[in-house]
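The structure appears below as structure tokens.
Here the structure is a predicted model, which is why all the values come from computation and not from measurement. For reference, positions follow the sequence shown, starting with 1.
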Amino acid sequence: MTQPFSERPQCLTRPAQAGDRSVVERLVSQFHQSLQLPYVTKPKLLSRQILGMIVLAIGTLLLLLTLHGFYSHALALTVLSLLTLKDYWQVSQSPTNFWVVECDGEVLGCAKLLRYKTHSEAYLVCVDAASQGQGYGSFLMQRLKEEATLPLYLASQPHRVKFYRQLGFVTVPSDTLPTPIRSRLGVDLYQAYGLVAMVFGRSITESDNQTANG
């Protein structure tokens, strides 16, 4: 049984790192399965295909340079390619915009925070099933509220509305939200699941619709 948050002082919240990718993917998959929403993984396969094509093109160019005696050019291209691919790999492996809650070296929850000039949006706030109800989600959300450009919006499942209200969020009619925010939160796309739009801080009004694009 997981030790309660109150009894685990070695807890922190931090931006997700490349090494957190697998656990973040597992938590997000777990979250989507609980909603029975589609969890699409095809974009990751497409990225690998593109990377493979890039490697093939570079390899072909290196072969041509070598065959024609341009050894110094081939060496320079090899070094540049390795550095570029290394940076690309690190970026592709990093769970961008995610924050995690870590206790005793173990990542127990995550959330995605998108920050714009006028506001922020939180997504995929999830805690490992074995660690839920012990304060880790609240700990993580407090950090997101500190990092966010207020107001901070999210879409809540009906049974989690009480949890977010305890953190200072209030419900807001989805039809009063600027269209870009409503679309990204998915309150229209997943109406059948009863998602509730919520906000922490002063809500953006319809008159601010054009500025809400970030």
Side-chain angles (χ1 to χ4, degrees), residues 12-33 35-102 105-126 128 140 143-144 147-149 152-155 178-186 188-190 210-214:
L12 58 90
T13 53
R14 58 171 176 77
Q17 302 169 356
D20 301 317
R21 185 177 183 85
S22 60
V23 67
V24 168
E25 287 185 342
R26 178 179 61 79
L27 290 170
V28 171
S29 178
Q30 188 182 88
F31 174 79
H32 279 126
Q33 288 172 10
L35 288 176
Q36 295 184 336
L37 297 179
Y39 180 42
V40 181
T41 58
K42 289 183 179 179
K44 185 167 70 171
L45 296 177
L46 179 61
S47 296
R48 289 178 179 175
Q49 291 174 354
I50 293 174
L51 182 59
M53 292 172 63
I54 293 173
V55 172
L56 179 61
I58 293 174
T60 302
L61 182 56
L62 285 173
L63 178 61
L64 290 174
L65 288 172
T66 302
L67 290 175
H68 288 80
F70 295 102
Y71 303 113
S72 60
H73 293 77
L75 177 61
L77 179 60
T78 299
V79 173
L80 179 61
S81 300
L82 289 174
L83 291 175
T84 301
L85 290 173
K86 176 177 177 291
D87 290 340
Y88 175 86
W89 179 255
Q90 289 178 341
V91 171
S92 67
Q93 294 302 298
S94 177
T96 308
N97 298 319
F98 271 92
W99 288 74
V100 299
V101 54
E102 176 187 315
E106 180 182 9
V107 173
L108 298 177
C110 67
K112 187 171 187 176
L113 178 66
L114 297 182
R115 288 177 285 200
Y116 300 92
K117 293 180 180 179
T118 58
H119 70 287
S120 297
E121 300 164 15
Y123 301 90
L124 304 171
V125 181
C126 44
D128 185 76
L140 180 58
R143 179 61 182 273
L144 260 60
E147 297 290 334
T149 301
L152 171 60
Y153 292 90
L154 57 79
T179 301
I181 297 178
R182 189 171 68 246
S183 176
R184 287 190 293 263
L185 290 180
D188 293 335
L189 181 61
Y190 298 118
Q210 294 183 346
T211 65
N213 293 286

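The side-chain heavy atoms of Arg26 and Asp128, taken from C-beta on, include a pair separated by under 4.5 Å.
Atom OH of residue Tyr116 and atom CZ of residue Arg184 lie 3.5 Å apart, to the nearest 0.5 angstrom. Atoms CD and CZ, from Gln17 and Phe98 in turn, are 14.5 Å apart once rounded to the nearest 0.5 Å. Distance CG/Leu113 to CG/Leu154: 10.5 Å, rounded to 0.5 Å.
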task = Starting from the C-alpha separation in whole Å, work towards a yes-or-no answer on side chain to side chain contact (heavy atoms under 4.5 Å, CB included) for Val107 and Val101.
result = CA-CA 6 Å; Val107 173; Val101 54; over 6 Å; no
task = Dump the intermediate steps for salt bridge (Lys or Arg N to Asp or Glu O under 4.0 Å) on Arg14 and Asp20, then the final yes or no.
result = CA-CA 11 Å; Arg14 58 171 176 77; Asp20 301 317; 2.7 Å; yes
ask   = For Trp99 and Lys112, what are the C-alpha separation, side-chain angles and deciding distance, and is it a side chain to side chain contact (heavy atoms under 4.5 Å, CB included)?
value = CA-CA 6 Å; Trp99 288 74; Lys112 187 171 187 176; over 6 Å; no
request  = Walk me through it: do Thr13 and Glu102 pass the test side chain to side chain contact (heavy atoms under 4.5 Å, CB included)?
outcome  = CA-CA 6 Å; Thr13 53; Glu102 176 187 315; over 6 Å; no
message = Could you go through His119 and Leu152, starting from their C-alpha distance and side-chain angles, then the distance that decides it, and tell me whether this counts as side chain to side chain contact (heavy atoms under 4.5 Å, CB included)?
response = CA-CA 6 Å; His119 70 287; Leu152 171 60; over 6 Å; no
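Between the Ser120 side chain and the Thr149 main chain, a donor and an acceptor come within less than 3.5 Å of each other.
Taking Thr60 as the reference, Leu56, Leu64 meet the side chain to side chain contact (heavy atoms under 4.5 Å, CB included) condition, with sequence neighbours excluded.
Residues Val125 and Phe31 share a closest heavy-atom pair of O-CE1, 3.9 Å. Contact between Ala122 and Leu144 at its shortest, heavy atoms only, is CB-CD2, 4.2 Å. In this structure, Leu185 and Ala155 approach most closely via the heavy-atom pair O-CB, 3.7 Å.
One finds a salt bridge joining Arg115 and Glu147 here, because a Lys/Arg side-chain nitrogen approaches an Asp/Glu carboxylate oxygen to under 4.0 Å.
For the side-chain contact (heavy atoms from CB on, under 4.5 Å) test with Cys126, the passing option among Leu140, Leu108, Leu27 is Leu27; the others fail.
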